[in-house]
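Right, one structure below, let's go through it.
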Number of protein chains: 2
Amino acid sequence: MQFDHVAIPSNDIAKSVEWYVSRFAATVLYQDTSWAFLNVGGQKLALVTPSQHPPHVAICVTEQQLDESAAKIGVVVDKHRDGTKGIYIQDPFGNAIELICYPPGQTLYDKKTS
Amino acid sequence: MQFDHVAIPSNDIAKSVEWYVSRFAATVLYQDTSWAFLNVGGQKLALVTPSQHPPHVAICVTEQQLDESAAKIGVVVDKHRDGTKGIYIQDPFGNAIELICYPPGQTLYDKKTS
C-alpha cells in the first residue's frame with residue numbers, strides 16, 4: 001500500500017499545467033482538457049476539474065485489495081480513461097481518499113513508468 | 001526542489017491520526033492537538049486544523065530559494081514549531097502551495113529522517 005498521488009482542483013487545466021511546469025519544472029504524464037497528471041518534484045500531482053473529481057489523495061493498492069474494499073462498502077469500482085481503477089472513500093472529516101490500482105499492462109503509464 | 005508533503009484538514013487530530021494509522025498503517029512523525037505529520041505509504045501527510053493552516057501541498061526548497069521567493073513576493077518567512085520554515089503561495093486557482101525548507105540540525109525530524 002503506497003501513496004500514489006494528490007489531486008487538486010483547476011478550472012483551466014492547460015493554465016494550471018503551464019504554471020506548475022514553469023514554477024516547479026513539472027513534467028506532464030498525461031493531459032487533456034478535463035484533467036492532467038504531473039510529476040512535481042518526484043510526486044504525482046493530478047489537476048482535476050472539480051465537477052468531475054473531488055480534490056483527493058490517492059493510495060495505490062492491489063486489484064484484490066481494491067475489489068475487497070469496494071465489496072466491503074458496497075460501491076462499484078470505476079475504470080478510468082487512463083486504464084487505472086479506483087474507488088473513493090472518506091476520512092473522518094470527509095476528505096476524499098482514492099484507492100487506486102494500476103492493472104499491469106492496462107494503463108497509459110506502463111511505458112513511462114517502467 | 002522536491003515534493004515534501006500534502007496537508008489535509010481535520011477538526012480532531014487524534015481521531016484522524018487513529019483513522020490513518022488503522023486504515024493505512026500510517027506512522028506518526030509528529031503529533032499535537034493542532035496538527036500531525038504522518039508517513040502514509042511512503043509520503044508525508046499532514047493533518048491540519050483549518051483555522052490554523054489551509055489545506056496545501058508543500059514543495060521542499062533550500063533556505064536560499066525560500067528567502068528569494070519570499071523577497072520576490074514581499075512576504076515574511078514563517079518559522080514553525082517543528083523547526084521548518086516556509087511561505088505560502090497560490091497556484092492560478094487559489095490552491096495553497098507551501099514552499100518549505102528544513103534547516104539542517106534545526107528541526108524535530110533530523111533524528112527520524114537521517
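Protein chains get the first letters and strands the later ones, always in sequence-line order, with residue 1 at the start of each.
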Interface residue of largest heavy-atom contact number with chain B, from A:Leu45, A:Val61, A:Ile97, A:Asp4, under 4.5 Å: A:Ile97
Structural part of A:Asp91 lying under 4.5 Å from a heavy atom of chain B: both
Interatomic spacing from OG1 in A:Thr27 to OH in A:Tyr20 - rounded to 0.5 Å: 14.5 Å
Neighbour count above 12 (heavy atom, 6.0 Å) for A:Gln106 CD: yes
Residue part contacting chain B, namely of A:Val40, when any heavy atom lies under 4.5 Å: both
Part of A:Phe93 lying under 4.5 Å from any heavy atom of chain B: side chain
Residues, nucleotides or ligands: over 12 heavy atoms within 6.0 Å of B:Gln64 CD: no
CD/A:Gln65: more than 12 non-hydrogen atoms of other groups inside 6.0 Å: yes
Nearest-0.5 Å distance that lies between atom CG in B:Leu99 and atom CD1 in B:Ile87: 4.5 Å
Closest-packed option against chain B by number of heavy-atom pairs under 4.5 Å, given A:Pro55, A:Pro9, A:Ala25: A:Pro9
Engaged part of B:Asp12 at the chain A interface, taking heavy atoms whose separation is under 4.5 Å: both
Distance, nearest 0.5 Å, that separates NE2 of B:His5 from OG1 of B:Thr84: 7.5 Å
Which portion of B:Val6 sits near chain A, non-hydrogen atoms under 4.5 angstrom: side chain
Closest-packed option against chain A by number of heavy-atom pairs under 4.5 Å, given B:Gly41, B:Gly94, B:Ser16: B:Gly41
